[in-house]
Amino acid sequence: MIPFLDLGAAYRELKSDIDAAVQRVLASGWYILGPEVEAFEAEWAHYCGAAHAVGLANGLDALILALRALDVGAGDEVIVPSNTYIATWLAVTAVGARPVPVEPDPATHNIDPARIDAAITPATKAILPVHLYGQPVDLDPILAVARARGLAVVEDAAQAHGARYRGRRIGAHGDVVCWSFYPGKNLGALGDAGAVTTDRADLADRIRVLRNYGSRVKYVNETQGVNSRLDPIQAAVLRVKLRHLDAWTDRRRAIAAAYGEGLGDSGLILPVTPEGIDPAWHLYVVRSTDRDGLQQRLTAAGMGTLIHYPIPPHMQAAYAGLALQPEALPLARQLADEVISLPMGPHLAMSSAREVAVAIASEPVR
Ligand SMILES: *Cc1c(COP(=O)(O)O)cnc(C)c1O
C-alpha cells in the first residue's frame with residue numbers, strides 16, 4: 001500500500017522534540033498567546049522574509065481578517081481564481097464582498113494575470129491570487145496591475161510554504177500573505193492553525209487586534225473583532241517542524257523530479273514550472289481525460305490519489321446564489337474533470353514514487 005499522504009510520519013520522525021515542546025507549554029501555565037506564539041511569529045516572519053507575522057486559528061480566518069484589515073466589505077468586489085479551493089471564495093463572501101472569478105492559465109492552473117485587467121470594475125477592492133499546489137503565481141504582472149489600479153493584493157499561500165518567486169520566498173510580495181498550517185499542509189500543526197505575514201505594520205497591527213476580540217488592552221474593545229488566536233501548543237509544534245521545512249521541501253522536489261522522469265512518455269499532462277518559479281510541491285497534479293479510470297486503476301493497485309478539486313467553487317451549491325452557469329468558467333470546469341493528485345509528501349519513499357510512475361506508465365493513458 002502506498003498512501004496518498006502519511007500524516008503520522010512527520011510526528012514519528014520528530015517525536016522526542018515535539019513531545020518536549022508540547023510538555024514545555026503544558027508546564028508553563030500559559031495557554032493563550034504568550035511567548036510560544038510570539039516566538040513562532042518571529043521565526044515564521046524571518047523565514048518568509050516578512051517584517052511581521054500574526055498567528056491565527058486557521059487559514060480561512062487569515063484570509064477573512066486580511067480582507068477586513070483592508071476594509072473590504074459589502075458592495076466591494078475581489079478578484080479570485082476560478083480554479084481554487086473554496087476557502088478563497090468563502091473569505092470574500094464572509095466579509096460581504098463579491099468574488100469575481102478569473103480563469104487560470106491552463107499550463108500552470110494558476111490565475112491568468114493577463115485576464116485580470118478585464119475583470120476590474122469601479123467596485124474592485126483587491127486581487128486574491130492563490131499559489132495553487134504550492135506553485136507561485138506570476139506575481140509581477142498582478143502587482144503591476146494592482147499598483148496601476150489602486151488595488152490591494154492578498155495572497156492565499158496556504159499551499160506555498162517555502163516556495164520562491166524570482167528567488168524570494170513567498171511571504172511579503174503582496175500587501176498581506178495568508179497561511180494555513182492545517183495538518184496536511186507543507187508546514188502542518190497537529191490541529192488547526194494559521195497566520196498572516198506582511199511588511200505593512202498597519203495591517204499587522206489591525207489583524208493582531210481583530211484576532212483578539214478587537215482588543216489591545218483587556219476589556220477595552222476598539223473594533224468588533226473575533227477569537228482567532230494561534231494556540232501556543234500548535235505554535236510550539238510548528239517551531240519544531242519549521243526547522244525541517246527546507247529539508248522536507250527538498251524531498252518533495254526530488255519526488256516531483258522522479259515523477260517527471262517516470263511519466264514523461266505516459267501521455268499525461270504533467271505540471272509546468274515557468275522560469276523564475278520554485279514550487280513548494282504541496283501537490284503533484286497531473287491531467288488525464290480518463291482521470292476516473294486512472295484513479296480506479298491506481299486504487300486497485302493500492303496507490304492512494306486525491307482530486308484537488310472535484311467541483312469548482314462556481315458549481316458548488318454554496319454559490320448557487322451567484323447564478324454562474326457551469327460553462328461560464330469552462331477552464332475551471334475542465335480542470336476539475338481532469339486533475340488527479342499523485343502521492344506526495346516528505347516521508348514518501350522515492351522507491352514508492354517510482355512504483356507509482358511505473359504503474360501509471362505500464363498502460364496507455366489519455
Ligand atoms: C487549506 C487551504 C485554505 C484554508 O486553510 P484552513 O487552515 O483549512 O482554514 C485556504 N486556501 C487554500 C488554497 C487552502 O489549500
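Residue numbers count from 1 along this sequence. Note that ligands are numbered from 1 as they come in the structure, with each ligand's atoms numbered from 1 the same way. Predicted model only: the values in this text are computed from it and were never measured.
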(message) Against ligand 1, does His282 come closer than 4.0 Å with any heavy atom?
(response) no

(request) Applying side chain to side chain contact (heavy atoms under 4.5 Å, CB included) between Leu329 and each of Pro101, Pro313, Pro104, Pro81, report the one that passes. (result) Pro101

(request) Give the residue and atom name of whichever protein heavy atom lies nearest to atom 2 (C) of ligand 1, and the separation in Å to one decimal. (result) Lys185 NZ, 2.5 Å

(request) Run down the list Ala158, Gly134, Ala157, Ala91 and name the one with the heavy atom closest to atom 12 (C) of ligand 1. (result) Ala158

(message) Under a 3.5 Å threshold, yes or no: a donor from one side chain and an acceptor from the other, between His308 and Ser341?
(response) yes

(message) Regarding Arg208 and Asp205, does a basic nitrogen lie under 4.0 Å from an acidic carboxylate oxygen?
(response) no

(request) Could you list the atoms of ligand 1 found under 4.0 angstrom from a heavy atom of Ala87? (result) 3 (C), 4 (C), 10 (C), 11 (N)

(message) Looking at Arg354 and Glu261, is there a salt bridge between them, counting it only when a charged N and a carboxylate O are closer than 4.0 Å?
(response) no

(message) Evaluate Thr88 for polar contact with ligand 1, using N/O atom pairs at a separation under 3.5 Å.
(response) no

(request) Decide whether Asn186 and His282 meet the rule of one side-chain donor and one side-chain acceptor closer than 3.5 Å. (result) yes

(request) Measure from the ring center of Trp281 to the ring center of Tyr259 and say whether it is less than 6.0 Å. (result) no

(request) Look at atom 11 (N) of ligand 1 and find which of Val130, Leu128, Asp156 reaches it with the closest heavy atom. (result) Asp156

(request) Find all atoms of ligand 1 within a distance of less than 4.0 Å from any non-hydrogen atom belonging to Leu60, and give their numbers and elements. (result) 4 (C), 5 (O), 6 (P), 9 (O)

(message) Check this for me: does any side-chain nitrogen of one of Asp278 and Arg166 sit under 4.0 Å from a carboxylate oxygen of the other?
(response) no

(request) Give yes or no for whether the N/O distance cutoff of 3.5 Å, strictly under, is met between Tyr85 and ligand 1. (result) no

(message) Below the 3.5 angstrom mark, is there an N/O of Gly59, backbone or side chain, next to an N/O of ligand 1?
(response) yes

